[in-house]
Amino acid sequence: MAAALLPTLSPPVSRAAAAFLLLLRAPAKPFSSLRPPQTLRRFLTSTSSSSPVTPPPALRPLSTVAASSSTTARAAPARRDLLMLGIETSCDDTAAAVVRGDGEILSQVVSSQADLLARYGGVAPKMAEEAHALVIDQVVQKALDDAKLSGSDLSAVAVTVGPGLSLCLRVGVHKARQVAKSFGLPIVGVHHMEAHALVSRLVNKDLDFPFLGLLISGGHNLLVLAHSLGQYVQLGTTIDDAIGEAYDKSARWLGLDMRKGGGPALEELALHGDPNAVNFRVPMRQHKDCNFSYAGLKTQVRLAIESKNLCTDDIPISSASEEDRQSRANIAASFQRVAVLHLEERCQRAVEWALKIEPSIEYFEVSHQTSMLGLA
């Protein structure tokens, strides 16, 4: 049964560029009458995208910020003259893109915070907020310049409103409201994970509903059955730590260079290790559901480092002895094998469930944040 699904890997298109898909079902409102919706206020007062998630029932709807609960979401015909500015500041990258209504990406600009990641060993929310604030004006202006447009040419502004770090989200929302006010444009609030789910449809025109999606970011894992635009069933979610968090923490504990992100650094080291050297346990094998858990695997990595007396805090990987480096590589490879195996097992079950719910499904979409995971 599982073999019936054709895998589709989401291309490296920013969530800002995916925003136009959500505009097609959002009501156009003049800025003067637009107030932040209740969902936006809730997202902006939340503490962090890394907060533990309460395990959901086996199957339940996945709510989105742009869909109306009183009407069925329908995609409007694509219009080439529709021009969307998308803004994304949910975590550690400042991004903006301009997209036409038919999916053509006119520009996308990303300002990375890699140096801050290396300095603080991960995302420091306050520092990330300040970094966003320093570059948001330049990033948005460059996106418009690269598209050879001005604000007066736009049809609407889309902005990520959550999940994410509340301090960072505020920077993007403030800029979106500023642009919308200046040019009398409507604002579309974009759900971070919904954009992950829809981004493949931006360039893969054959990817039609219904489809199964595996969504991976630094703070979230989700398995979602997408029935139509705005209509989703959540099959599984993160109950503690997401895989991106596990990669980042493990890379930091192993003394790796975090400037390119924990995922790529750990994957590079794992290439030189034995994936069976350390007998890490696969998480949640006793739970017959589609949820994810990486907190226990993180603990296993920390204990393995301690048991081998590796001084990773004082000795970075670049200064380690050959024996020390090999031990770290073995831990990295063993961690990666189990981390991915956990993904595979949950996905296998999700495919079985999805085919029972929607036998017509043909595609399994994988959307990931490449800065958090070293997935090629």
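Everything numeric in this text was worked out from a predicted model, so none of it was measured. By convention here, the first residue in the shown sequence is residue 1. Values reported hereafter were calculated over all heavy atoms of this structure, with side chains retained and with hydrogens, waters and symmetry mates removed.
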State plainly whether one hydrophobic cluster holds both [X] and [Y], where clusters connect Ile, Leu, Val, Met, Phe, Trp and Tyr through side-chain heavy atoms under 4.5 angstrom apart.
X      : Y      : value
Leu223 : Ile357 : yes
Val98  : Val179 : yes
Val157 : Val139 : no
Val282 : Leu266 : yes
Val135 : Leu165 : no

Please find the pair of heavy atoms, one from [X] and one from [Y], that lie closest to each other, and give the distance.
X      : Y      : result
Ala114 : Ser112 : N-OG, 3.1 Å
Leu185 : Gly151 : CD1-O, 4.1 Å
Phe211 : Asp208 : CD2-O, 3.8 Å
Ala265 : Asp257 : CB-O, 3.4 Å
Glu358 : Pro210 : OE1-CG, 3.9 Å
Cys168 : Pro125 : SG-O, 4.1 Å

Nearest 0.5 Å please: distance from the [atom1] atom of [X] over to the [atom2] atom of [Y].
X      : Y      : atom1 : atom2 : result
Asp240 : Lys298 : CG    : NZ    : 8.0 Å
Thr94  : Lys175 : OG1   : NZ    : 12.0 Å
Asn221 : Asn291 : CG    : CG    : 10.0 Å
Leu149 : Ser107 : CG    : OG    : 7.5 Å
Phe209 : His227 : CZ    : NE2   : 11.0 Å
Cys347 : Phe364 : SG    : CZ    : 3.5 Å

Please determine whether a side-chain nitrogen of the Lys or Arg among [X] and [Y] lies less than 4.0 Å from a carboxylate oxygen of the Asp or Glu.
X      : Y      : value
Arg349 : Asp289 : no
Arg328 : Asp324 : yes
Glu352 : Lys356 : no
Asp241 : Lys249 : no
Arg170 : Glu129 : no

Quick one: are [X] and [Y] in side-chain contact, heavy atoms under 4.5 Å?
X      : Y      : value
Leu343 : Ile216 : yes
Leu235 : Leu212 : yes
Leu85  : Ile87  : yes
Leu202 : Val99  : yes
Ile331 : Ile305 : yes
Arg302 : Ser250 : no
Val338 : Pro275 : no
Asp93  : Ser111 : no

Start with the C-alpha gap between Glu365 and Leu207, add the side-chain angles, then the distance that decides, and say whether side-chain contact (heavy atoms from CB on, under 4.5 Å) holds. CA-CA 9 Å; Glu365 183 226 5; Leu207 179 58; 4.3 Å; yes
So does [Y] get a backbone contact from the side chain of [X], meaning a donor-acceptor N/O pair under 3.5 Å?
X      : Y      : answer
His272 : Gln326 : no
Asp102 : Glu104 : yes
Tyr363 : Ile361 : no
Glu345 : Arg285 : no
Thr160 : Gly162 : no
His192 : Glu88  : no
Gln300 : Arg281 : yes
Arg346 : Phe292 : no
Ser319 : Ile315 : no
Tyr294 : Ala339 : yes

Using the side-chain contact (heavy atoms from CB on, under 4.5 Å) rule, take Trp353 and Leu225 through it: C-alpha gap first, then chi angles, then the decisive distance, then the call. CA-CA 10 Å; Trp353 285 12; Leu225 173 56; over 6 Å; no
For residues [X] and [Y], is any side-chain donor paired with an opposing acceptor at under 3.5 Å?
X      : Y      : value
Glu362 : Ser360 : no
Gln348 : Glu344 : no
Asp137 : Gln141 : no
Glu267 : Tyr247 : no

Just do the side-chain contact (heavy atoms from CB on, under 4.5 Å) check on Leu154 and Leu144 with the steps written out, would you? CA-CA 9 Å; Leu154 298 173; Leu144 290 171; 4.1 Å; yes
Name the one of Asp274, Val278, Asn279 that satisfies side-chain contact (heavy atoms from CB on, under 4.5 Å) with Asn276?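 With Asn276 as partner, side-chain contact (heavy atoms from CB on, under 4.5 Å) holds for just one option, Asp274.
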Please name the residue in the list Leu198, Val224, Leu214, Leu215 that meets the side-chain contact (heavy atoms from CB on, under 4.5 Å) test with Ser367.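 Going through Leu198, Val224, Leu214, Leu215 one by one, the side-chain contact (heavy atoms from CB on, under 4.5 Å) with Ser367 is satisfied by Leu215 alone.
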If you apply the rule side-chain contact (heavy atoms from CB on, under 4.5 Å), what do you find for Val159 with Val188, and how did you get there? CA-CA 6 Å; Val159 60; Val188 181; over 6 Å; no
Take Ser334 and Gln336, measure what side-chain hydrogen bond (donor to acceptor under 3.5 Å, both in side chains) needs, and give me the verdict at the end. CA-CA 5 Å; Ser334 299; Gln336 183 162 263; over 6 Å; no
